[in-house]
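Presented below is the structure to which this report refers.
Since the model is a prediction, treat every value here as computed from it, not as a measurement.
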Amino acid sequence: MYRIDGERAIVETVDFFTPVVDDPYWFGRIAAANAFSDVWAMGGRPLFALNVVGWPVGKLPMEMLGEVLRGGAETAALAGASILGGHSIDDPEPKYGLAVTGLVHPDRILRNVGARPGDALVLTKPLGSGIVTTALKRDLATPALVERAVEVMAALNRAAGEVLAACGAVHALTDVTGFGLLGHGLAMASGSGVGLRLRTRDLRILEGVHELAARDAVPGGSKANLRWVTPSLRVAAGLAPTWPIVLADAQTNGGLLAAVAPAQAAEVVAALRAAGVADAAVVGEVVEGPTRIEVE
C-alpha cells in the first residue's frame, strides 16, 4: 500500500507461477485471476496490470504463449482493468502472471488482521483445487472434476471483493491461496489475537477431493502447510482423517475469507449470492484466544 493523499492509496501486487492445467488459455485465465485477487482482498479495485512471462523459446510454440496471453487479457477485461505491457524472458519452464496496480481509499483498506471474537467467518469459494491439480498430473482426476476446478480457479474474486468492501461489516479479510484455509486463517487469527472455529458441515469442498486426498494426491506445499499449522490445530474426534490436509490444501485463486460482524453475516452472504458468488457461506466463527484453529 502507498498513500498518495487523503483520498487515494495505491495497492501494488505481483503474482506468477508455472502451469496448473494443461490448456494454455485457461492457464492464462487462472494466473491472471490469481494476481488480481490480492487487490480485492484489500478492499481495492484494479486499475491496470503488466504481464510477467517466462517462456522456453524453441521448446514450446509461441502460438501457445499467445493463448496464455489471450487468457490473461480476457481476465483483465473481466476485472475492469487494462494490461499496458509487461516483460518476458527465455526460461526453461513456462511461467505467467501479472503485476497489478489498484486503488483504494486509505480509510477503507481491508487487512488480514482485526477479527473480533463473535465474528462470523465467511468463505466465498470451495476448497480442493491443489489436490485436484495434483491428481490431474497423476491421471487420477476425472474430466468433470478438472473442469469444475478450472471453473473455480478462473473465477474472479471481483464480485465478492466489491460486496465485502461495500458492506461495512468486515473486520478482517484475506484471500485463500498458497497457505490453504488453515494457513491463511492462522495468520488472521495470530494477527488479531484470537482463535478460529471452523465447521466442516458448512464448508464447500470440490466433489471427490477427500477420496483423492486419501490416495495421497496431495501437493507438497499442502503437506508443508499442515506441518506448520499442526501445533495450533485442534480437530474434533470422529471427523474423516482427510479433513486436516483438505483444509491445508494450497489453493490457486481461492476464495476470500472474511471476519464479519455477526449481526450482518446473513445479510452479507445473501448479498454475495445475489452478486453471483454462489458458494459463499458462513463456515465458522472467531473465538477468544489463544490463537489456534478448532475444527468440528
Within the side chain of Arg204, is there an N or O that forms a donor-acceptor pair under 3.5 Å with the backbone of Lys125? no
In terms of heavy-atom contacts, does CD of Glu12 have more than 12 from other residues, nucleotides or ligands at under 6.0 Å? yes
Is there a path from Leu145 to Val246 through hydrophobic residues (I, L, V, M, F, W, Y) whose side chains come within less than 4.5 Å of each other? yes
Any salt bridge linking Arg197 with Glu285? Criterion: basic side-chain nitrogen under 4.0 Å from a carboxylate oxygen. yes
Apply side-chain contact (heavy atoms from CB on, under 4.5 Å) to the pair Val11 and Thr101, showing each step before the final yes or no. CA-CA 6 Å; Val11 185; Thr101 299; over 6 Å; no
Quick one: does any side-chain atom of Asp91 pair with a main-chain N or O of Pro94 as donor and acceptor, under 3.5 Å? no
If we count only N and O atoms by modelled type, under 3.5 Å, do the side chains of Thr174 and Asn112 hold a donor and an acceptor together? no
Take Lys223 and Asp216, measure what salt bridge (Lys or Arg N to Asp or Glu O under 4.0 Å) needs, and give me the verdict at the end. CA-CA 10 Å; Lys223 295 178 180 180; Asp216 198 33; 3.1 Å; yes
Any sub-3.5 Å donor-acceptor pair from Thr133's side-chain atoms to Gly130's backbone N or O? yes
Calculate, to the nearest 0.5 Å, the distance between atoms CE and CG belonging to Met64 and Leu69 respectively. 12.5 Å
Minimal non-hydrogen separation, Pro126 against Leu206, with atom names: CG-CD2, 4.0 Å
Less than 4.0 angstrom from a charged side-chain N to a carboxylate O is my criterion; do Arg215 and Glu211 meet it? no
Looking at side-chain heavy atoms only, is the closest gap between Phe36 and Leu98 below 4.5 Å? yes
Report the distance from atom CD of Glu67 to atom OH of Tyr25, rounding to the nearest 0.5 Å. 8.5 Å
Nearest non-hydrogen partners of Gly191 and Val113, listed with the distance: CA-CG1, 3.6 Å
Are Ile205 and His210 close enough, and set up right, to give a side-chain contact (heavy atoms from CB on, under 4.5 Å), and what steps lead you there? CA-CA 8 Å; Ile205 310 296; His210 278 283; 4.3 Å; yes
Please assess Leu60 against Trp55 for the test side-chain contact (heavy atoms from CB on, under 4.5 Å), listing each intermediate value before the final yes or no. CA-CA 8 Å; Leu60 290 177; Trp55 198 257; 3.8 Å; yes
Leu196 and side-chain contact (heavy atoms from CB on, under 4.5 Å): which single residue from Val295, Val286, Leu181 fits? Val286
When clusters are formed by joining ILVMFWY residues with side-chain heavy atoms under 4.5 Å apart, either directly or through shared neighbours, do Leu110 and Met1 land in the same one? no
Taking Asp15 for its side chain and Asn34 for its backbone only, find out whether a donor-acceptor pair lies under 3.5 Å. no
Less than 3.5 Å apart, which donor and acceptor atoms pair up between the side chains of residues 251-267 and the rest of the protein, not counting sequence neighbours?
from   : atom 1 : to     : atom 2 : distance (Å)
Gln251 : OE1    : Gly128 : N      : 3.1
Gln251 : OE1    : Ser129 : N      : 3.3
Gln251 : OE1    : Ser129 : OG     : 3.3
Gln251 : NE2    : Asp249 : O      : 3.0
Gln251 : NE2    : Asp249 : OD2    : 2.9
Asn253 : ND2    : Met153 : O      : 2.7
Asn253 : ND2    : Ala155 : O      : 2.9

If you count the non-hydrogen atoms of other residues, nucleotides and ligands that lie under 6.0 Å from CD in Glu147, is the total more than 12? no
Taking all non-hydrogen atoms of both residues into account, name the closest pair between Arg158 and Gly80 and its distance. NH1-N, 3.4 Å
Under a 4.0 Å N-O cut-off, is there an ion pair linking Arg116 with Asp119? no
To check you understand the geometry: which heavy-atom pair defines the closest contact between Val282 and Ala120, and what is its length? CG1-CB, 4.0 Å
Which heavy atom of His171 sits nearest a heavy atom of Gly114, and at what distance? CB-O, 3.4 Å
Distance check, rounded to the nearest 0.5 Å: Thr134 atom OG1 versus Lys137 atom NZ? 5.5 Å
Just wondering, are more than 12 heavy atoms of other shown residues or ligands nearer than 6.0 Å to CZ in Phe16? no
Separation between CD (Glu162) and CG (Asn157), nearest 0.5 Å, reads 11.0 Å
Taking side chain as C-beta onward, heavy atoms only, is Thr291 less than 4.5 Å from Leu186? yes
Consider only side-chain heavy atoms of I, L, V, M, F, W and Y, link residues closer than 4.5 Å, and tell whether Leu247 and Val209 are in one cluster. yes
Does the Arg138 side chain pair with the main chain of Leu136, one donor and one acceptor, at a distance under 3.5 Å? no
Here the gap from Asp279 atom CG to Thr124 atom OG1, rounded to the nearest 0.5 Å, amounts to 8.5 Å
Counting only heavy atoms not in Phe27 (residues, nucleotides, ligands), do more than 12 fall under 6.0 Å from its CZ? yes
At what distance, to the nearest 0.5 angstrom, does CG of Leu47 lie from CD1 of Ile10? 6.0 Å
Is the side chain of Ser192 donor-acceptor paired with the backbone N or O of Met188 at a distance under 3.5 Å, no angle test? yes
Note, Val122 side chain near Val283 side chain (heavy atom, < 4.5 Å): no
Taking Val53's backbone N and O only, do any of them form a donor-acceptor pair with His87's side chain (distance below 3.5 Å, no angle check)? no
To check you understand the geometry: which heavy-atom pair defines the closest contact between Leu182 and Pro244, and what is its length? CD1-O, 3.7 Å
Count the heavy atoms of every other residue, nucleotide or ligand shown that sit under 6.0 Å from CZ of Arg45, and state whether that count exceeds 12. no
Please step through side-chain contact (heavy atoms from CB on, under 4.5 Å) for the pair Arg292 and Leu233, ending with a clear verdict. CA-CA 6 Å; Arg292 66 184 184 190; Leu233 183 64; over 6 Å; no
Quick check against the 3.5 Å criterion: does Asp5 have a side-chain atom that pairs as donor or acceptor with the backbone of Arg8? yes
